[in-house]
Each structure stands twice: as C-alpha cells, then as structure tokens.
Amino acid sequence: MAYDHKEIEKKAREKWSGLDLYHSDLTDDTRELYYLLVEFPYPSGDLHIGHWYAFAVTDIYARLLRMRGKNVLFPIGFDAFGLPAENAAIKHGVNPKEWTYENMARMREQLATMGSSFDWSKEVVTCEPSYYQWTQWLFTKLFEHNLAERRLAAVKWCPKDQTVLANEQVVDGACERCGTSVEEKHLTQWFLKITSYAERLLTGLDTLSWREEIKDAQRAWIGKSEGAKLKFSLQFTGGSEQEELQTVSSNLQAVEVFTTRPDTVFGATYVVLAPEHPLVLSLMKKVLNKKDVKKYVSATAKKTERERSENKEKTGVKMEGVSAINPATKEEIPIYVADYVLGSYGTGAVMAVPAHDERDFEFAKKFNLPILETEFADWNTIAEIGGVKTTQYRIRDWLVSRQRYWGCPIPIVYDPEGKPHAIPAEHLPWLLPTDVDFKPTGKAPLASSKELQERVTKIFGEGWTPEYDTLDTFVDSSWYFLRYFDSKNAHNFSNAELMKKWLPINRYSGGSEHTTMHLLYARFFIKVLYDLALVPVDEPFTERFNRGIIMGPDGAKMSKSKGNVVNPDEFVLKYGADAVRIYLAFIGPYNEPRSYPWSLEGVASMRKFLDRVSRLVEKADSKAVSDSLNQAFARTSQKISEDGNRFKFNTSVAALMILVNELEALETVPKSALTQLVIMLAPFAPHLAEHLWEKLGEEGSVHQQLWPVASIITASENEVVVQVNGKRRGSITLTVNGSESDALTAAQVIPAVVAALAGKEPKRVVYVPGKIINLVV
RNA sequence: GCCGGGGUGGCGAAAUUGGUUAGACGCACAGGACUUAAAAUCCUGCGAGGGCUUAAAAACCUCAUGUGGGUUCGAUUCCCACCCCCGGCACCA
C-alpha cells in the first residue's frame, strides 16, 4: 500500500520542530565544524522548481554531514531589497515592504514543506534595519579607506528600469534584469574600487578548489593584460595660431597609449583616439576639419553599446592639422578618431600597428595607411623612448548607486559645499524614508522625501543634503554569510570569535549566473574586510559548486510563454515532498552546471520506489543480519558518503535502489537491517524515514542517528579475468597475492582458453594482480 | 575568434591513476502473471546487425561511447586532427 504522504509529512515536521532538531550551537567545537552555504533567495513569491533544486538537494548534504557527526551550520535568509518588489508595488499599488514581507512569509512555509533542515534561528533579511545598519556601516568603512568614491564617469543606464547598472549587470549590451539595451550616460555616481583588488582577486583563485570553469570565467572577467604605456608627442601642422596655442596648453603635448606589444612600436603608422577620449575635445580648436570630427563623435555617442560592437566594419575620421611622432622611428604619423578603440580601456588611445594587429590592419586597408613590417624593439629600446611597463585589467570599478527606492540608503550626507560625509555610526541605521513617490522617473525617489531632508537638517544642520541613491542589492548580499553567525547582534556586524572558528565557508552552492557577479563581489568584500582586520580570512569560500538548471518537460528552458513551467506544489501534493526531493537528487550529477529536463514519469517512479521501501519495512523479522547483507550495507553507506562529498547524489540514490532491490528478494528482512536502511534513506526522504523509524519502534528521531560506517571486509580471494588476445575467455579465482604462474596455470585449463589458444604458446603474458591475465599469441 | 566544459541506447544517466562481459540505476516501450475488467503490484525482455530459416529460443560471431587516424597485450578513458553542442569573454589594443 502506498503511504499517506500528506499525513506523515505533516507529522514528521511537527516532531522536528518539537525537538528543535536543526538548531546548531555555533560555540560547540567538540565536533568538526562545517559551514554549508546555499545562496539565499530573493522573496519573489512562490517557490519554483529552481528553488527546490537549490535547497532540497543541498539539504541532503547538510543532513549527511550532521549524521557524520559534524556540527553543521546550514542557514537561510532573504535577499529582500530589490527591483521586483518596487515594480510590483508600482503595478499593484502596494507597498514594496508589504509585498516583500508577505512573500517571505509564504516562502518560509514552502521551504518547510520541502523537509529542509535550515536553522531558522539565524535568519537574515537584508531589508530589515537591523541588517542594513551593518551594510551601511561597512560602506562607511570602505568610504573612510578611500575604497568607496563618488565620481563622474561614463556609466551604463537602463532606460526601462530608470537606473544605472554595474558593468556586471550588463549582459551582451543589455540590462541583465529586463533585457533592454543599455545607454551610456555621464553621471556622478558611487563606485566601490574593486579594480584595486583585481590582482588579488586573480591570484586568490589559485588557492581555491573550485571547478576550473568557474575560476576561468572570473579570470576572463578580471581580464589581466601586461604591456606598456608609451607617449607619442603631438605636432601641429595647421594654421597660423599654432605657436600661440602650443604655449597655452601644456597638456596638449603628447598622447599616451597602452599596448600589450610595445616591441612592435617601430611598426606604429598611426594613432587612434577613442571618440570619448578627453583629448579629442581639447584638440578640437586646432583641428582643421572640426565639423567632421564633431559629427563622428556625436554619432558614436548616440549608439548603444550593442550597436557599436555589432558593426565590425571599421569607421573613423582623421584629425587634420594634428599629428603624432612615433617615439621609435621619429616619423610623423596621422591621428584618427575611431570607435573601434574604447574610451574605457587602457588609456583610450592606441598606437596602430597594422602589420601585427588585425583590427589596425583592417582600418589601415580601408584608409590607405602604410603597413610596415618591422624590426622589433627590445625592452632597453622601449625604456629609452619612455615606455613604462603597465598592467591593465578589464574589470571596472563597481558602480553601486541606484536611482531606485527599495534598497539600502547610501549612508552619506553632503555639506553645504557639496562634499560627501559618512553618516556617523550612532545615526545608523540610516532609515529608508517612507514618504516617497517611488515611480521611476530617472530621478532618485528618495529626493521626494520631506522626512529625509528634515532628518538631515536636524542632525547635520542647514544647507546639508542627503544622498538620494540607494545601494545595489549586490552590496547587501556581499556579506550576508557573515551575519548568520550572530544575526541579532546590535553592536557588531558579526561575531569575531565565531568567524575565527567557522570561516572560511566549507562549501557554497549556487547558480552559475553569479560567477561574475555576486561571487566576485563577495570575494572583493571579504578581501577588503580582511585588510581592515574585520574578518579572519581573505577568501570566503573554500569550495564552490554551481548547480544545473531544471528545464521543462520538453527540454526547453521553462517560460510562461512556452507553457512548459513546472509547478513543484502540484507534485508535492500528488507524490509528496520526499518524492520530489529524491527525484531532483536522482536526475543527474549536482556538481556540474548541466541542464536536466523535468520528467513527470520520473517523479512518479521515485514515489514508487519510496512505496517499495515502505512495504519492505512490513517484512521485518528478528533474525541476525548475514555477513553478505552486512557487506551490502557497508558498500552502500560508503558509496553514499563518497558521492555526497562530490555532490553526486544521482549515484547515491542508485546505490540505495540497488540495496532495496537486494532486500526485496528476501522473504523477510532482519529488523536491524531495515533500521540501517531507514537511516540511510533519511537525508534523501526525511519525512518517510521518520515515519518508518517510528514504525520500526525506534526511539527519538531518525535524524539524530549517526551514519552507519560498517567496514568492508576485503576478500581473501578475487576473480581474475582470463583473456586471450584481449578477449575475455573465462575467469579464475585466485588468492589476493596469487602469482603470475599460479594464474597462468589456472587459466590454461579453461576449455574456452584452450580452444582460443589452438595449441599455440602465448608469446606474451600480461598479468594485473586481482584483475586480469591476458595471454597474447 | 579566444578560453573552459561536453558529445555514451528512444530518454536522464553509469563506468575514466587504461584492465573482466560498455550502458549500473531509473524512465519509456514490449510481452506475461494477478483481476470480470481496470488501476496498483509483480515477473520477463529491451544498443545494432548477423546466426535466422515458416516461427520462436539459445550458443556463437561482428559492429558500437561524435568523426577519422594513432599509441597499447588491452582505449569511453591517453595523443593528433576534424565536426557538433553548452558556458564564459570578445573591436579590451
């Protein structure tokens, strides 16, 4: 008979909360400590199948670890600030806070129904003042140490979300959230100086046992190139004003370029400036074809990033009346403005070497510029002509200002001169005002708050003004895993003693979309806090696993428009949470970011398996467990332990199935064997295991039991396969240290071997003890 | 284009310090038992081809881990070349 999942699941959960089973005492270091972290969810409303995959499968590992006697920290919280709440607020006329808190309440319940073993006593919620007080405090630390800076810069702007974005949030020239093509704007914004940590973010990767593809993606994002900066002096060949102007502007003497190939400087036959290079503007008064240059520059400015990179056909315009001197050849060479050079990388100017660079070659062909095969310069020569070794990084500083409402207020005020000051700790949390109109207009919603201005005036005086922008939510999530140690602490962001005991985090499980966002930001944050002696480690995550994605039953990515969205609740209702959990574990390896189609029959079959286990328990007898059965259990328990360490739960489930198949073949099963089986089932199907535990008359909770570690008896004899010319012809049983001649003697009497040898003597014998003997004729 | 990871039955996948018969475990499918019937459950089969015929079965044989080569007594595993898929980066000088 099938078990009643609704009833037993409810009952099991009540039992667990009664026993307070999943509360971990962080001060208890008599057991080995293990910090298992999974990315906390955004409170979007309903738990979708992706959440199940993220939390239910990681939960299996948390349970395995506890059963192995470890003190496991497995916490959860909500990444609760962010745009969707605000958009929902605008759409439905509700308050973003209400929307968020309602969703969190629902999600807490749903997370419980999955049988998860999170320690809720340590929950963090990033939109609560008791949390964001410390986000703000950390921001002021960065500000004090000159790692948070307000400056004018070319920034990415999402016209739909009406806010600026960090580079990491622009994917293929479009807003990562809404897919709208981003525009470039020049705005004064807050940046965190992640570029100062570029080298350490890079070298730190070498110390981590992460999968190569995750590290490589970060390396590519950081994008280190080594080369040199070189100065090309400017020369003016234009009109009569030349002399006068040259004396006036001393900054117009040279243009600096960055190149990874300074050795090719002899072949530099022209110089290219990016259209946004500041020199373009300052040279304008000397350029003879001002109109053409201006036209080109403004045409480029109108293009979105995507449009600019889509058109690979080289364009540009020569600056007439100005030229540069190649420092190596002393030749006078032309200067072009062309959009194939980017203002945001290097010095925004390049020396063009058409003989060595494909892009320069194309441009030179189009504009009939000389292509010079050259001699190469050595470093002495490069140094003589003023070359300076330089390392460039592709990564940009992290833009954290957002012109939106539902975020952590930036803890800054401006004095009457407009100079920014950190808000002193005693005024934190710097509360998010509520008297605002949060419709996005491109202006920060906080600017509409009377209360905020009054607060500033009251505390700081007349003429002082608040910062109106809020922080990127990725700032909130860059340190949340530190707060779990002491989430209620009103005096400190975390607990120094516990951080020392528990950091770094043993394993962090999450989605691959965060490889070059959250994962990079969090590493940066921890390095900064380490330098400020606020945390004891400078890498937060020892191991990282990116999980895969669950696709629709048709194998395509789930989407409402395709109508292939799977709702986990349906399946939980029909088959129970345990069946859904075990199905997600079985679907494929969890240690690689592959994608797996959801199979309706697959979930049903897992329920059948669980029913079989539950029927098996009816067959209990009081006999002793046979040696061979003991061995089967030992193999299974060892296999599951090993697979768990690698996050390969698919083969763990298979091992359980094999064991169950074996037990089913018996008339009756020793009760103690069933007890062991139920213990091993517990991490995968926690509710059913609890139910069967009681049914077997056992005391306490199955989740308080230790993982069975029977040792596998090494056999004294093993089977050795006999091959003739690499083909299996039979097998022999030999003692473990049987010699080659023993093996050969035994092999040569097997009829099939005799037949295959056909009277010939083996030319060669390959003997691998315990495995194989191959006779080659 | 560059970097990384992959390509195994109808499907999800097992097995790689080279070693037994590739495809564990499960899904789907087919046949059977039980049942008045169905559901549920249980049993059997299930890479391809040959053997093979009127039909069925077995022994046995050949081929088969993207394609083509190579190394080796032995290759899904190692090497070379190519094709395809996924992810990252990309006019980054």
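Chain identifiers are assigned alphabetically (A, B, ...) following the order of the sequence lines, protein sequences preceding nucleic acid strands; residue numbering begins at 1 within each chain. In this text the structure is predicted, and so the values were computed from the model without any measurement.
In this structure, A:E226 does not pair ionically with A:K389, as no charged nitrogen and carboxylate oxygen lie closer than 4.0 Å. Here A:R615 does not pair with A:D611 in a salt bridge; the nearest charged N to carboxylate O distance is not below 4.0 Å.
In this model, the phosphate group of B:A15 is approached by a side-chain N or O of A:K648 to a distance below 4.0 Å at OP1 or OP2. Checking the phosphate oxygens (OP1, OP2) of B:A13, a side-chain nitrogen or oxygen of A:R594 falls inside 4.0 Å. Applying the 4.0 Å criterion to OP1 and OP2 of B:A93, one finds that A:Y345 has a side-chain N or O inside that range.
A:F571 pairs in a ring-ring contact (aromatic ring centres under 6.0 Å, His included) with only one of the listed residues (A:W598, A:Y583, A:W52), which is A:W598. Screening A:L165, A:V171, A:V155 against A:V182 for a side-chain contact (heavy atoms from CB on, under 4.5 Å) leaves a single residue, A:L165.
Within the nucleic acid shown, A:R729 comes within 4.0 Å of sugar-phosphate atoms alone, with no base atom in reach, counting heavy atoms only.
With C1' as the reference atom, B:G1 and B:C78 are 29 Å apart, rounded to whole Å.
A:Y340 carries A:K314 over the face of its six-membered ring, with the cationic atom under 6.0 Å from the centre and within 45° of the normal.
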(message) Pair A:E168, A:W221 - check side-chain hydrogen bond (donor to acceptor under 3.5 Å, both in side chains), show working.
(response) CA-CA 9 Å; A:E168 287 78 9; A:W221 186 262; 2.9 Å; yes

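Base pairing analysis places B:G4 opposite B:C86; the two distances defining the Watson-Crick or G-U wobble pair are each below 3.5 Å.
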(message) Return a single string for nucleotides 20-31 of chain B, one symbol per nucleotide in 5' to 3' order, where B is base contact, S is sugar-phosphate-only contact and - is none, cutoff 4.0 angstrom on heavy atoms.
(response) BS--BBSSS---

